[in-house]
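Read the structure below first, then the notes.
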Amino acid sequence: MATSQTASTRAKDTDRNDTCQILDTALSEGQLSMAEHQQRVKAATNATTLGDLRALVSDLQTANAPVQLPTLRKPRLPVSGARAGWGIRAAISAVLVLLGVGIGWGLYGNTASPLNFTSDPGAKSDGLSPVVLTPPRQLHSLGGLTGLLEQMKQKFGDTNGYRLVIYPDYASLDRPDPGDERRELSYTYRGGWGDPSTSPASADARVVDLSKFDTKAIVKILYGAPETLNIKSADVKSTYLIIEPSRDPTTPEAVSISVYVSSDFGSGYIQLGPDGSVKQINYP
């Protein structure tokens, strides 16, 4: 995010992803409860402006977060300057419109004037066949989870990374920067992988193959997670998976999977091994 942006600037997916990473760090440090974390993550994913995102982390200590949000400036353009700037922009826009009309008429027009629209070149048949894109969207299913991992392989050539967080309809992936080992790249998946944000790689970050787990076993446990945690299905507000390197020193190449479920009446999680074996159940 640029430092010249203001609170009213529209947020991008990368801005929302950065905010979620800060909230994840605050959760791991005990600054937020599970319920607060879930509420703020939901608000971040639906935020419209950068000011909305800033408000979600303004009361947190963010020195250890993998990314930092810049301080947003306040507009200080004088009224007279604003009016003058608007006039210049309006004049430039008018020139560009007329130039575009002229170029379009020169390329496609078949009338006496570029302002004569009696013939629409866009109405001519071009013979092109439609291409329908079908990327996985419902990620909390066997097909969706398998499809997401396949999308990783197609995009990056492998399924390696530091961490993968999977929500029902989008995912967040942290990978090493191939051009500089001191940095990590954070991608958001929403039907495709957006442009990454960058941050310094932590000293203890480890790269593992994030696909090395039993997808069927994990999805089955995911489906039963609310009942396992004694949370009624109707009360579930959010569910997500975290796939990251195992903390077991005897299996440094393995992954650990955590299934988080939250509701207005409590939140909990299940920590699993790559084969679906239960390591810990933290009840609400």
Side-chain angles (χ1 to χ4, degrees), residues 1-74 161-167 170-177 180-188 194 196-207 237-247 256-264 266-269 271 280 282-284:
M1 291 183 289
T3 55
S4 62
Q5 294 167 324
T6 66
S8 61
T9 301
R10 288 275 179 164
K12 300 185 297 184
D13 282 341
T14 52
D15 302 320
R16 299 183 183 94
N17 182 55
D18 286 349
T19 304
C20 288
Q21 288 189 68
I22 294 175
L23 294 173
D24 288 347
T25 301
L27 173 65
S28 67
E29 293 177 338
Q31 295 189 63
L32 296 176
S33 67
M34 185 70 68
E36 290 173 323
H37 174 262
Q38 291 299 323
Q39 292 169 359
R40 295 195 189 195
V41 166
K42 182 176 181 180
T45 58
N46 295 318
T48 302
T49 66
L50 298 181
D52 295 336
L53 294 175
R54 167 61 65 179
L56 295 173
V57 300
S58 61
D59 62 336
L60 301 176
Q61 301 181 53
T62 61
N64 295 327
V67 293
Q68 297 292 323
L69 301 184
T71 301
L72 301 176
R73 71 170 180 84
K74 296 181 180 179
Y162 297 128
R163 191 169 187 248
L164 178 62
V165 184
I166 308 172
Y167 298 89
Y170 80 99
S172 174
L173 170 66
D174 296 333
R175 284 175 55 89
D177 186 339
D180 190 341
E181 62 182 9
R182 298 169 299 176
R183 296 190 307 182
E184 68 177 50
L185 304 178
S186 297
Y187 294 86
T188 299
S197 60
T198 63
S199 61
S202 62
D204 58 349
R206 285 191 293 118
V207 176
K237 294 297 183 182
S238 64
T239 306
Y240 62 95
L241 294 171
I242 295 181
I243 304 170
E244 57 192 347
S246 171
R247 297 180 183 178
S256 175
I257 298 98
S258 299
V259 182
Y260 287 83
V261 182
S262 67
S263 73
D264 289 338
S267 305
Y269 67 90
Q271 189 174 8
Q280 181 181 352
N282 186 20
Y283 294 98

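Heavy atoms only: backbone and side chains are in, while hydrogens, waters and symmetry mates are out.
Contact check for Y269 versus I242: no side-chain heavy atoms found under the 4.5 Å cut-off. By the 4.5 Å heavy-atom criterion applied to side chains, S186 and Q21 are counted as neighbours. Residues N64 and E29 form a side-chain contact, since some pair of their non-hydrogen atoms from C-beta on lies under 4.5 Å apart.
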For side chain to side chain contact (heavy atoms under 4.5 Å, CB included), just list the numbers for Y260 and T239, CA-CA rounded to whole Å, side-chain angles, deciding distance to a tenth of an Å, and then say yes or no. CA-CA 5 Å; Y260 287 83; T239 306; over 6 Å; no

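Other residues, nucleotides and ligands contribute only 12 or fewer heavy atoms inside 6.0 Å of the CD atom of Q61.
Atom CD of Q39 sits about 9.5 Å away from atom OG of S238, to the nearest 0.5 Å. Within the model, atoms CG of L60 and CD of E36 stand 9.0 Å from one another, a figure rounded to the nearest 0.5 Å. Considering CG of N17 and NZ of K12, their distance stands at 12.0 Å, rounded to 0.5 Å. Considering CG of L164 and CG of L173, their distance stands at 5.5 Å, rounded to 0.5 Å.
Ring planes of Y240 and H37: tilted class, angle from 30 to 60°.
C20 approaches T45 most closely through the heavy-atom pair SG-CG2, 4.2 Å. Here the shortest heavy-atom pairing between L32 and L27 reads O-CD1, 3.5 Å. Contact between S263 and K237 at its shortest, heavy atoms only, is CA-CG, 3.9 Å. Between S256 and Q271 the shortest heavy-atom distance is OG-NE2, 3.4 Å. Taking each heavy atom of L69 and I22 in turn, the nearest pair found is CG-CD1, 3.6 Å. The two atoms that bring V57 and T19 nearest to each other are CG1-CG2, 3.9 Å, heavy atoms only.
When D15, T48, L72 are each tested for a side chain to side chain contact (heavy atoms under 4.5 Å, CB included) with L53, only one passes: D15.
Between the side chain of R54 and the backbone N or O of A7, no donor-acceptor pair lies under 3.5 Å. Under the 3.5 Å distance criterion, the side-chain polar atoms of R206 are matched with a main-chain donor or acceptor of S246. The main-chain N or O of P176 is never found under 3.5 Å from a side-chain atom of E181 such that the two would form a donor-acceptor pair. For the pair T25 (side chain) and A65 (backbone), a donor-acceptor distance under 3.5 Å is absent. Remark: side-chain polar atoms of R163 are not paired, donor with acceptor, to backbone N or O of D174 under 3.5 angstrom.
No side-chain N or O of T49 forms a donor-acceptor pair with one of S8 less than 3.5 Å apart. A donor and an acceptor atom, one from each side chain of D18 and S197, are located under 3.5 Å apart. Under the 3.5 Å distance criterion, with hydrogens and angles disregarded, no donor-acceptor pair is assigned to the side chains of S267 and Q38.
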